[in-house]
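The structure under discussion appears below in the form of structure tokens.
Chain letters run A, B, ... following the sequence lines, proteins first and then strands; every chain starts at 1.
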There are 2 protein chains.
Amino acid sequence: MVSRTIRTRSGGRGTGRPTLEEVAARAGVGRGTVSRVINGSPRVSDRTRAVVEAAVAELGYVPNRAARALAANRTDAIALVVPEPEDRFFAEPYFSDMVRGVGAALAETDMQLLLTLAGSDRERRRLGQYLAAHRVDGVLLVSVHADDSIPDMLEDLSIPAVISGRRSAAETLAAVDSDNFEGARSAVAHLAARGRRAIATITGRLDVYGAQCRLDGYRAALAAAGLPPDARLTAPADFTEEGGRRAMRELLGRCPELDAVFAASDVMAAGARQVLREAGRRIPDDVALVGFDDSAVARHMDPALTSVRQPIEEMGRTMAEVLLQEIEGRTGERPQIVLPTELVVRESS
Amino acid sequence: MVSRTIRTRSGGRGTGRPTLEEVAARAGVGRGTVSRVINGSPRVSDRTRAVVEAAVAELGYVPNRAARALAANRTDAIALVVPEPEDRFFAEPYFSDMVRGVGAALAETDMQLLLTLAGSDRERRRLGQYLAAHRVDGVLLVSVHADDSIPDMLEDLSIPAVISGRRSAAETLAAVDSDNFEGARSAVAHLAARGRRAIATITGRLDVYGAQCRLDGYRAALAAAGLPPDARLTAPADFTEEGGRRAMRELLGRCPELDAVFAASDVMAAGARQVLREAGRRIPDDVALVGFDDSAVARHMDPALTSVRQPIEEMGRTMAEVLLQEIEGRTGERPQIVLPTELVVRESS
DNA sequence: AGGTGCTGTGGGAGCGCTCCCATGTGTGAT
DNA sequence: ATCACACATGGGAGCGCTCCCACAGCACCT
């Protein structure tokens, strides 16, 4: 553990912490040189670097972040903005995985991570002020709806940002997404390979690009398996459990002969499972069920749910890395990275 | 939504945001006066204040936090330090409630909240540097073990801190705690009032002061109900589900005749429930079960678990308020606040 | 008329850094 | 030996604010 004696300078309102200047004096070099060493500039001789590093260690010097921020016009902080209410943020493992990934990428740097929930209007207003005040160098945007105003705001303020999940095929922001199309395709191909013929799907809100991709993947897999498309086998929902229930009832009413369901989220699959149970259908004997997200819900479901795993933690790490590059370079490249998904087969299919 | 035109100053690396000086010029007053208005000093005439406020609004002035921090030698940020690994932090509703409460108290101020997990040694080291660098004005310490070094570190660095849950009866830090003794007492009194005679308890780690208080409350309730103390009815555990299972097996082996169990946490109660089930005991018919924390676990258990509710959110709010006062006043009062608990009776008792 | 004590205000100094220009100091080519 | 040009280094200027001292203006007393 770091343990250090506190020295107090004779006068003034000093805090007793050593400054750059004091380190410079100790090392017998100039202020600029110490600054270069601290910031890892290559333009310092090895000898000098060693002397300075010794002085830093002896004095227990730690840079004053506020001074650095003021002089360099940056904050060394990035915000993870989650436009969701607090309870959802904590409830969904999605976010904790994301935070873990982001944290991992940031651990190397001395960037500070600010968690910002922007669920309510009040919080969004505060966020607006926050961004206007340029109190962060960049923003990680998670779970954004297509019509959200935050991306525009960031654009206006020219604050570097990375979004998780593209808002459309023509996403303009830097984005890190998982391969929703391929994930859905593989899930449905898996059902077809097991001999299922009447494969239904419960979609997410189709104004969410990822939900549309999953639907496209579903259709592609059907086509590849030589199964004719059937509009009655597609039921729209909204990513909620209740929506899943409603859609499942709808499907059951329309196509009692269905033998498999691909739900575009685990939560919707949970709703579907309940309705299937009530209707006396056995899973997977009568109806196979596959979800998406591979969340805790999937593992704890009875029977355990086959699901498409998204590499959330890796997405978080990648987002942070991309953002750091954007902040660094400001090249305006805006990379779009798509990470692969993985089908996790369990009992429900 | 805040929407503001970005003006760019002709040269330099300026960000285009107005400064105090520009507001002063606009309002036709001095820099100091604007500063006084911004900071709510009473030493400004009403007329001047109005003029300055108009200028602030016109220019869309937002103070530069870094400059303020540098000049005033404070950071306007506090850290919520959780010495737990990431997964526990997100898993337990305890923390989300706590964050909500703290957030509520901070919403008024422009204090920034930093979440700091110090579960691993690596993270603790980083935290040490963080604190040494005085990057926060104060610290909220949650879920601290008796032998933790963080409180000492804070003391050494004379950083204001508030702890949740006292470490001992003689807590030296400012603390906000719930009334563990009274919570346990009321839970056990409730069991006794329902005619239970052989009331066992599964304790938490007794080096945690709160766990000791709960045990004391249990004993006090037994005494008050005229039930003889019986050492065989007390099984130590460690707040985990597995510990709860182990303790329950132990109790069942030692005292097959027990008709009630008070577990010092809901999670341990969940473990106990499982063992009771396996042993063929019906809840609450054969054995009544009461937990502590009133977490989601309690509500979702089958049967729903009677539990002692701690006002976590209120504790968070109170902690933040106390900390703000400490930072403000530095009076060295170190208040110790104990908040009442509430017994929530459900099906398990 | 001069003193005394307010309140309100202006602006200098300085917080601890980074940036950058000016100044050495050493190397190799001429 | 001389010039050119690298690299290494020192330190001035300045980031935008707070703190605080100085001073103006006014009311009230002696």
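- A donor-acceptor pair under 3.5 Å is absent between the side-chain atoms of B:Ser158 and the main chain of B:Glu155, judged by distance alone.
- One finds a side-chain N or O of A:Ser45 lying less than 4.0 angstrom from the OP1 or OP2 phosphate oxygen of D:dT9.
- With rounding to whole Å, A:Asn39 atom CG is found 9 Å from C:dC17 atom C1'.
- Between the base of D:dG12 and the side chain of A:Arg31 there is a donor-acceptor pair shorter than 3.5 Å.
- Counting only heavy atoms from C-beta on, A:Asn64 has its side chain closest to C:dC17 among D:dC17, C:dT18, C:dC17.
- Of the residues near DNA chain C, B:Thr48 and B:Ala67, the one whose nearest nucleotide (by heavy atom distance) lies more toward the 5' end is B:Thr48.
- Considering only the side chain of A:Leu20, C:dC17 comes nearest among C:dC17, C:dT9, D:dT18.
- Listed nucleotides C:dT7, D:dC19, D:dA8 differ in distance to B:Ala72; the shortest reach to its side chain belongs to D:dC19.
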### Message
Under the criterion salt bridge (charged side-chain N to carboxylate O under 4.0 Å, His left out), I'd like the reasoning laid out for B:Arg124 against B:Asp121: C-alpha separation, chi angles, the key distance, then a yes or no.
### Response
CA-CA 5 Å; B:Arg124 292 177 78 85; B:Asp121 272 356; 5.0 Å; no
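- The distance between atom CD of B:Glu21 and atom P of D:dG14, rounded to the nearest whole Å, is 13 Å.
- A donor and an acceptor atom never sit less than 3.5 Å apart when one is taken from the side chain of A:Arg17 and the other from the base of C:dG16.
- The distance from atom CG of B:Asn73 to atom C1' of D:dC17 is 13 Å, rounded to the nearest whole Å.
- Contact between the side-chain N/O atoms of B:Thr33 and the OP1/OP2 oxygens of C:dG10 is found at a separation under 4.0 Å.
- Comparing B:Gly32 and B:Ala66 against DNA chain D, the residue whose closest nucleotide sits nearer the 5' end is B:Ala66.
- Rounding to whole angstrom units, CZ of residue B:Arg65 and P of D:dT18 are separated by 12 Å.
- The phosphate of D:dC17 (OP1 or OP2) has no side-chain N or O of B:Ser35 nearer than 4.0 angstrom.
- Under the 4.5 Å side-chain criterion, counting only non-hydrogen atoms from C-beta, B:Leu20 is in contact with B:Ser35.
- Under the 4.5 Å side-chain criterion, counting only non-hydrogen atoms from C-beta, A:Pro160 is not in contact with A:Val139.
- With rounding to whole Å, A:Glu22 atom CD is found 16 Å from D:dG11 atom P.
- One can place CZ of B:Arg43 at 14 Å from P of D:dC19, the figure rounded to the nearest angstrom.
- Residue-to-nucleotide proximity on DNA chain D shows that, of B:Pro63 and A:Arg36, the 5′-proximal contact is made by A:Arg36.
- No N or O donor and acceptor, one from the side chain of B:Arg49 and one from the base of C:dG8, sit under 3.5 Å apart.
- Listed for the B:Glu171 side chain is a donor-acceptor partner under 3.5 Å among the backbone atoms of B:Arg167.
- Rounded to whole Å, atom C1' of D:dT18 lies 10 Å from atom CG of B:Leu70.
- For the pair A:Arg74 CZ and C:dC17 P, the computed distance is 12 Å after rounding to whole Å.
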